[in-house]
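Everything on this sheet refers to the single structure shown next.
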Amino acid sequence: LRQTRLPDAIERAVAAARHHGQLARWRHDGVEAVAWVVGQEQRCPGRRCRGNATDGVVPPGEPFAFGDLVPPAHPGCTCTLRPAGADEGHA
């Protein structure tokens, strides 16, 4: 059990670090807002990712509807972020 959980945890940490790095780059480049893009996974606990996506756009580094700053929001999450215009409002 422990052997399968650790690689999953590492994979999630690496994915989150990659997204945080992308946010830092976007902030540096003057991106005013980001949007949550739902991934390809079939199951999402509590429809968390869809809730984040329908929340609309947020300033880089600000939390989405479910409190997530960046994907992954759950084990197996394949969501990502995209730069968005601050005027896009809610999805």
Side-chain angles (χ1 to χ4, degrees):
L1 180 64
R2 182 176 258 174
Q3 291 177 344
T4 59
R5 292 175 117 185
L6 186 56
D8 290 343
I10 292 170
E11 186 176 311
R12 287 183 67 200
V14 168
R18 186 181 72 245
H19 283 104
H20 279 291
Q22 185 64 61
L23 281 180
R25 181 63 192 181
W26 287 338
R27 278 194 299 267
H28 178 268
D29 291 345
V31 171
E32 296 179 16
V34 295
W36 191 280
V37 179
V38 176
Q40 300 298 315
E41 71 273 6
Q42 297 297 313
R43 294 188 192 116
C44 179
R47 301 179 54 89
R48 182 179 198 113
C49 295
R50 293 223 184 274
N52 285 334
T54 59
D55 189 33
V57 301
V58 299
E62 293 294 318
F64 284 89
F66 281 82
D68 300 295
L69 299 177
V70 297
H74 57 84
C77 182
T78 60
C79 293
T80 191
L81 299 175
R82 68 171 176 81
D87 60 342
E88 283 187 48
H90 291 283

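Computed over heavy atoms, backbone and side chain alike; hydrogens, waters and symmetry mates excluded. All residue numbers refer to positions in the sequence shown, counting from 1.
- Between C49 and C77, the closest heavy-atom pair is SG-SG, 3.7 Å.
- With rounding to the nearest 0.5 angstrom, the CZ atom of R25 is 6.0 Å from the NE2 atom of H28.
- Atom CG of L81 and atom CH2 of W26 lie 5.5 Å apart (nearest 0.5 Å).
- When side chains are defined from C-beta on, H20 counts as touching L69, because their heavy atoms get closer than 4.5 Å.
- Under the 4.5 Å side-chain heavy-atom criterion for ILVMFWY residues, no single connected hydrophobic cluster contains both V70 and V37.
- For residues 70-81, every residue pair satisfying the side chain to side chain donor-acceptor pair (under 3.5 Å) rule, not counting sequence neighbours, is listed here: H19-T80, E41-H74, E41-T78.
- Residue E32 holds its CD atom at 14.0 Å from CZ of R27, rounded to the nearest 0.5 Å.
- Note: the hydrophobic cluster containing V38 does not contain F66 (ILVMFWY, side chain heavy atoms under 4.5 Å, direct or indirect links).
- Remark: C79 SG to N52 CG distance equals 8.0 Å, nearest 0.5 Å.
- Nearest approach of V31 to P60, heavy atoms of both residues: O-CG, 3.5 Å.
- In this structure R12 satisfies the salt bridge (Lys or Arg N to Asp or Glu O under 4.0 Å) test with no other residue, sequence neighbours excluded.
- The local environment of CZ in R47 is sparse, with at most 12 non-hydrogen atoms from other residues, nucleotides or ligands closer than 6.0 Å.
- Within the 4.5 Å cutoff, side-chain heavy atoms of V34 are placed close to those of F64.
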